[in-house]
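Let me begin by presenting the structure, written as structure tokens, before commenting on it.
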Amino acid sequence: MVWVARLMYVALFPIGIGMLYRAIKIGQGDWRHVADWRGRALPEPGRWAAWVRGIHLAGGGALLTIAVAVLALGLPFTLWTGAVAFTLWTYYFAMRVLVQRAERMQGSR
């Protein structure tokens, strides 16, 4: 079972870096990354770009901070896995709320 914990820990890096990559690309004006968690583009991407970028920055930064804290501070397994779960679920629900709001605003026009 130790290998599962190590695999979960290693997975924090590509997930966090991927989130930060998308945030950087959105900041550079690449609207392809203004999308929901499945990759479907949002209506009016310019309007929602700042929100999506902020969610990706917060999520990616939190995951990488947790990953570094595990090494630097030796966080216990239950603490860092709980923090990661909280971060990922918060990211997921923030994106869901944003997508629903964008679709509702599109439908009201």
Side-chain angles (χ1 to χ4, degrees):
M1 285 311 255
V2 173
W3 65 272
V4 174
R6 290 180 180 158
L7 184 62
M8 286 176 13
Y9 174 74
V10 170
L12 294 178
F13 292 99
I15 295 170
I17 291 169
M19 287 181 183
L20 291 179
Y21 172 80
R22 285 188 286 284
I24 290 168
K25 291 306 246 179
I26 291 169
Q28 294 172 347
D30 189 352
W31 303 129
R32 292 177 302 160
H33 298 283
V34 181
D36 66 2
W37 62 279
R38 292 181 184 173
R40 295 179 298 190
L42 293 178
E44 300 180 52
R47 179 178 186 175
W48 302 104
W51 288 98
V52 174
R53 183 176 186 219
I55 292 169
H56 280 90
L57 279 173
L63 289 179
L64 292 178
T65 300
I66 293 166
V68 169
V70 168
L71 290 177
L73 305 174
L75 295 179
F77 178 77
T78 55
L79 183 63
W80 74 262
T81 54
V84 167
F86 177 76
T87 301
L88 291 175
W89 280 110
T90 302
Y91 167 82
Y92 173 76
F93 284 117
M95 288 300 293
R96 291 287 296 165
V97 167
L98 186 72
V99 168
Q100 287 179 355
R101 184 173 178 135
E103 289 173 352
R104 188 176 304 134
M105 297 289 276
Q106 179 71 16
S108 67
R109 293 181 183 225

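One-based numbering along the sequence shown.
Note on residues 5-27: no pairs pass salt bridge (charged side-chain N to carboxylate O under 4.0 Å, His left out), not counting sequence neighbours.
For the residue pair Gly59 and Thr87, the shortest heavy atom distance occurs at O-CG2, 3.9 Å. Closest of all the heavy-atom pairs between Val10 and Pro14 is O-CD, 3.1 Å. Counting all heavy atoms, side chain and backbone alike, Val34 lies closest to Pro45 at CG1-O, 3.7 Å. Listed here is the closest heavy atom pair of Trp80 and Ala5: CH2-O, 3.8 Å. When every heavy atom of Met19 is checked against every heavy atom of Gly60, the shortest pair comes out as SD-N, 3.3 Å. The heavy-atom pair separating Ala102 from Pro43 by the smallest distance is O-CG, 3.8 Å.
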**Prompt:** Going through the distances and angles, do Asp30 and Arg32 end up as a salt bridge (charged side-chain N to carboxylate O under 4.0 Å, His left out)?
**Reply:** CA-CA 6 Å; Asp30 189 352; Arg32 292 177 302 160; 2.7 Å; yes
**Request:** Could you please spell out the steps behind the side chain to side chain contact (heavy atoms under 4.5 Å, CB included) verdict for Leu98 and Ile55?
**Result:** CA-CA 10 Å; Leu98 186 72; Ile55 292 169; 4.1 Å; yes
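Taking the side chain as every heavy atom from C-beta outward, Leu57 and Ile24 never approach each other to under 4.5 Å. With contacts defined as side-chain heavy-atom distances shorter than 4.5 Å, the pair Val52/His33 does not qualify. The side-chain heavy atoms of Tyr9 and Leu71, taken from C-beta on, include a pair separated by under 4.5 Å. No side-chain heavy atom of Arg101 sits under 4.5 Å from any side-chain heavy atom of Trp51. Counting only heavy atoms from C-beta outward, the side chains of Leu42 and Val99 approach each other to under 4.5 Å. In this structure the side chain of Met105 reaches within 4.5 angstrom of the side chain of Trp48, judged on heavy atoms.
Open room surrounds CZ on Phe86; 12 or fewer heavy atoms of other groups in view lie less than 6.0 Å from it.
Taking the six-membered ring where the residue is Trp, Tyr92 and Trp89 present perpendicular rings, their angle passing 60° and hence far from 30°.
Inspection of the Tyr91 and His56 side chains reveals an N or O donor paired with an N or O acceptor under 3.5 Å.
Under a hydrophobic clustering in which Ile, Leu, Val, Met, Phe, Trp and Tyr are joined whenever their side-chain heavy atoms come within less than 4.5 Å, directly or via other members, Leu63 and Val68 fall into different clusters. Taking hydrophobic clusters as Ile, Leu, Val, Met, Phe, Trp and Tyr residues chained together by side-chain heavy-atom distances below 4.5 Å, Leu75 shares a cluster with Met8. There is no path of hydrophobic side-chain contacts, each under 4.5 Å, that joins Val97 to Leu88. Trp3 and Phe13 fall within a single hydrophobic cluster, where Ile, Leu, Val, Met, Phe, Trp and Tyr side chains are chained together by heavy-atom contacts under 4.5 Å.
In this structure, CG on Leu12 lies 10.0 Å from CG on Leu7, to the nearest 0.5 angstrom.
A donor-acceptor contact shorter than 3.5 Å is absent between the side chain of Arg53 and the backbone of Ile26.
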